Structure formats: structure tokens, C-alpha cells
Novice: 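Structure in C-alpha cells, see below.
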Amino acid sequence: MLFALLFLILATLFLGSAVLAIVLPFLGIALNIVAGALLTVSLFVLILLLAFWRKWKQAGKLERPYIDSFTGARRFALEAIKLLIPLGILWEVLVLLACAAFLIFQPLDAIPPGWPLY
């Protein structure tokens, strides 16, 4: 149950970030606020993922013999966690870098006046 919940949380984070990447350009002026909020939330999620990864790594729960000792859904969940945690960490780092770059360089200032932002 815990593994399925963790899998759903990570999948939701990935899907939410993808949807935000599509929606953000249409927000116009609020984009700076959204980018700052996304930066903060991504930093918090990255810290949680790193703490979770470190705890499981130290406990040996991501080692091949431990995963092979289970069968069925639990084994699938452990395999998914072993794959999704590093991908989640990489994704959050990329989101942090993108938000920080946006807040530093403000690329929407270069859009010509009258360009529709809807």
C-alpha cells in the first residue's frame, strides 16, 4: 500500500510539472509568482526525495538481494521506487534550474508588445 501510494505521488509530481510547463507561458504577469512558488515547492520536494533516497540506501532496501527476496506487487513497487527516485531527483533539479534561470533572466521581457499571452 505504501509503495503504491509513493508511486502515485511521484507520478502526480511528474504529471503536474509537465502540465505546469504547458500552462506557465499563458499566465502572463503571474508567471514570476508561479515560478517562485514552483521553485520553493521543488526545493522542498527535492530535499524530501534526497532524504528518502538516503534513508532507503542506508537501510539496504534498494539493493538487488533485498528486492529479489520479494515477489509480486511488492517487488514491482521496489523496482519502481528504485527507478523513480533518481528520476524524480533529476526532474526536480531540472525544474529548480529552469525556475531559477527564469527568475534571473526574465525571458518574457523580450516578447514584443502586443504579443498575446493567453
Side-chain angles (χ1 to χ4, degrees):
M1 181 70 179
L2 175 66
F3 301 112
L5 181 63
L6 181 65
F7 179 76
L8 288 175
I9 289 170
L10 287 174
T12 304
L13 286 173
F14 291 141
L15 183 62
S17 296
V19 168
L20 278 176
I22 294 169
V23 172
L24 281 179
F26 300 107
L27 291 178
I29 293 176
L31 195 55
N32 292 337
I33 297 168
V34 172
L38 186 61
L39 180 78
T40 306
V41 170
S42 293
L43 183 61
F44 179 70
V45 170
L46 178 64
I47 291 169
L48 285 176
L49 284 173
L50 287 172
F52 184 75
W53 177 256
R54 182 175 181 214
K55 180 181 175 186
W56 274 48
K57 196 74 165 163
Q58 286 177 347
K61 292 183 179 180
L62 296 177
E63 301 297 325
R64 178 57 50 197
Y66 181 78
I67 293 173
D68 289 340
S69 68
F70 295 101
T71 59
R74 187 167 181 132
R75 182 178 178 158
F76 174 75
L78 287 170
E79 290 284 351
I81 289 170
K82 187 175 181 176
L83 176 68
L84 287 176
I85 295 287
L87 290 176
I89 290 170
L90 177 65
W91 178 260
E92 291 302 325
V93 167
L94 291 175
V95 169
L96 281 170
L97 291 175
C99 288
F102 176 79
L103 290 172
I104 291 170
F105 298 111
Q106 297 292 320
L108 285 182
D109 291 343
I111 293 179
W115 184 276
L117 290 175
Y118 51 87

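Here the structure is a predicted model, which means the values were calculated and not measured. Along the sequence shown, the residues carry numbers beginning at 1.
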Novice: Might you confirm whether atom CZ of F70 has over 12 heavy atoms from other residues, nucleotides or ligands at distances under 6.0 Å?
Specialist: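 Atom CZ in F70 is packed in, count exceeds 12.
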Novice: Drop me the distance from L90's CG to L84's CG, to the nearest 0.5 angstrom.
Specialist: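 Reported to 0.5 Å precision, the distance equals 12.5 Å.
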Novice: With a 4.5 Å heavy-atom cut-off, do W56 and L78 have their side chains touching?
Specialist: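 Result yes, sub-4.5 Å side-chain heavy-atom pair found.
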Novice: Do V93 and I85 share a hydrophobic cluster (ILVMFWY, side-chain heavy atoms under 4.5 Å, transitive)?
Specialist: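 Yes; tracing contacts between hydrophobic side chains, which count when under 4.5 Å, links both residues.
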Novice: How far does CZ of R75 sit from CD1 of I67, to the nearest 0.5 angstrom?
Specialist: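 Taking CZ in R75 and CD1 in I67, the distance rounds to 8.0 Å.
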Novice: Between V95 and S42, which heavy-atom pair has the shortest distance, and what is it?
Specialist: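 Nearest pair, atom of V95 first, then S42: CG1-OG, 3.1 Å.
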Novice: Once you round to the nearest 0.5 Å, how far does CG of L48 lie from CD1 of I89?
Specialist: 11.0 Å
Novice: Rounded at 0.5 Å granularity, tell me how far CD1 in I81 sits from CZ in F52.
Specialist: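 The distance works out to 5.0 Å.
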Novice: Please assess E79 against R64 for the test salt bridge (Lys or Arg N to Asp or Glu O under 4.0 Å), listing each intermediate value before the final yes or no.
Specialist: CA-CA 9 Å; E79 290 284 351; R64 178 57 50 197; 2.5 Å; yes
Novice: Once you round to the nearest 0.5 Å, how far does CH2 of W53 lie from NZ of K82?
Specialist: 7.5 Å
Novice: For L96, run the side-chain contact (heavy atoms from CB on, under 4.5 Å) check against L39, V45, T40 and tell me which one passes.
Specialist: L39
Novice: Atom NZ in K57, atom CG in L50: separation rounded to 0.5 Å?
Specialist: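 So the NZ of K57 and the CG of L50 are separated by 13.0 Å.
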Novice: In the single-linkage hydrophobic clustering (I, L, V, M, F, W, Y; side-chain heavy atoms under 4.5 Å), do F102 and L97 co-cluster?
Specialist: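 Same cluster.
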